[in-house]
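So the structure is just underneath, and the comments pick up after that.
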Amino acid sequence: MEEGNSAGSGGSGSSTSGSGGAQQRELERMAEVLVTGEQLRLRLHEEKVIKDRRHHLKTYPNCFVAKELIDWLIEHKEASDRETAIKLMQKLADRGIIHHVCDEHKEFKDVKLFYRFRKDDGTFPLDNEVKAFVRGQRLYEKLMSPENTLLQPREEEGVKYERTFMASEFLDWLVQEGEATTRKEAEQLCHRLMEHSIIQHVSNKHPFVDSNLLYQFRMNFRRRRRLMELLNEKSPSSQETHDSPFCLRKQSHDNRKSTSFMSVSPSKEVKIVSAMRRSSMSSCGGSGYFSGSPPASGSPPVLCNPKSVLKRPVTSEELLTPGAPYARKTFTIVGDAVGWGFVVRGSKPCHIQAVDPSGPAAAAGMKVCQFVVSVNGLNVLHVDYRTVSNLILTGPRTIVMEVMEELEC
């Protein structure tokens, strides 16, 4: 939930002081745990860690063995040791996301006991907060579909914001999509989404009003969460680029000035690439999406570098020169529920600016400083990163990318 505390907004629409601020931070924490838990559940299903199991002639559907899961978490670097893994899973148990199949153990234990995600057995408690969260997530996913054009870059009071929706148009869309039967009901839904910190006015100055005012989703449901983030007790108040199809973790220093992508260089060093409040597909202007979550424990110090990760400018002609010190590589990257895990920047040629170390692109071998030659067979050496991003967004889930890498980069 990226950033609830919109520093300096001073608007009357959403004060975060006192008990109201504490409640908002709690909603943000709850939402982050829900998303993290759901992403883990889907991964465990995909890797067959969750499956039907038998014990004493009884079958327990869709469950996992605690001890085996801890092994899996350590193997997949989601936890550094067994003690940490237990703490992470206990966080999910405390929030009612997982439970012992017979509800005989409230504590998560490193033993051969069966546990299950409540979403897999229909016992997840749907209180008002969870209902609002689930509703918001569904709307977000519908709006993020390639055929939907409601979310657009727009300006308000001279400031450009990415992925915004106009209040009046959003209400029309809710009725058209059957999310509400009347415009009044749609407006009431939007008020609930604001109350539960799902959406906000772009500059956090106004409550939801049927007007031409601009609003955004406060949370990037698609960002790949790391389980270790659950151990961060502070409010996830840092804003991420919600319009990024690549969903890299961002860390901000000044909500109104800069935000940083964490990226991994070919030499495995961790670098921080700063962007002036922009998304992975926009070169300038404010995102209007505030955030300030502190780095997870163990994260490297934040270094600011607003420039390209490239050591020097490189032209397409230089890449294509016979005998040039560049090697071609081809990657097949299958996007997951979060995205593909990289950021493209630059123009003629574009380059890989950042790679999520836990994403599909990194698993395929992609690194920063590589130059993008083609996407799904289409040569992109002479276009800018917006065109490349659009090709990826509007294309299939599986993308084939050809890149060129400097031999001594």
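The basis for the numbers below is simple: all heavy atoms, side chains too, and nothing from hydrogens, waters or symmetry mates. Keep in mind the model is a prediction, meaning the values are calculated, not measured.
Note on Glu68 versus Arg53: salt bridge recorded, some NZ/NE/NH1/NH2 to OD/OE distance being below 4.0 Å. No salt bridge links Glu406 with Arg328; every basic N to acidic carboxylate O contact stays at or beyond 4.0 Å. Between Lys142 and Glu177 there is a salt bridge, since at least one side-chain N of the basic residue sits less than 4.0 Å from a carboxylate O of the acidic one. Ion pairing between Glu229 and Arg224 fails under the 4.0 Å rule for side-chain N and carboxylate O.
Evaluated for a side chain to side chain contact (heavy atoms under 4.5 Å, CB included) with Arg95, the options Arg118, Gln90, Met30 yield exactly one hit, Met30.
Closest approach of Glu405 and Lys367 over heavy atoms only: OE1-CD, 4.4 Å. Minimum heavy-atom separation, Ile86 to Ile70: CG1-CD1, 3.7 Å. Across Gly136 and Ile198, no two heavy atoms sit closer than the pair CA-CG2, 3.8 Å.
At most 12 non-hydrogen atoms from other residues, nucleotides or ligands lie less than 6.0 angstrom from NE2 of His55. Atom CD of Glu155 has more than 12 neighbouring heavy atoms from other residues, nucleotides or ligands inside a 6.0 Å radius.
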Please output the side-chain donor-acceptor pairs of residues 44-51 that fall under 3.5 Å, not counting sequence neighbours, one pair per line with the distance.
from, atom 1, to, atom 2, distance (Å)
His45, NE2, Asp120, OD1, 3.2
His45, NE2, Asp120, OD2, 2.9
Glu47, OE1, Trp72, NE1, 3.0
Glu47, OE1, His76, NE2, 3.3

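Applying the ring-ring contact (aromatic ring centres under 6.0 Å, His included) criterion to His105, with sequence neighbours excluded, gives His100. Partners of Asp52 under the salt bridge (Lys or Arg N to Asp or Glu O under 4.0 Å) rule, at least two apart in sequence or in another chain, do not exist in this structure.
A side-chain donor-acceptor contact under 3.5 Å links Thr164 to the backbone of Gln152. The closest donor-acceptor contact from the side chain of Glu187 to the backbone of Val209 lies at 3.5 Å or more, if one exists at all. Judged purely by atom type and a 3.5 angstrom limit, Arg116 uses its side chain to pair as donor or acceptor with the backbone of Pro61.
Between Gln176 and Asp172, the side chains place no donor N or O within less than 3.5 Å of an acceptor N or O (distance only, hydrogens not considered). Judged by distance alone, the side chains of Asp384 and Thr387 do bring a donor and an acceptor atom under 3.5 Å apart. A side-chain N or O of Asp81 and one of Thr84 form a donor-acceptor pair less than 3.5 Å apart.
Side-chain rings of Phe208 and Tyr215 approach one another, their centers coming within less than 6.0 Å. Ring centroids of Phe108 and Tyr115 are separated by less than 6.0 Å, placing the two rings close together.
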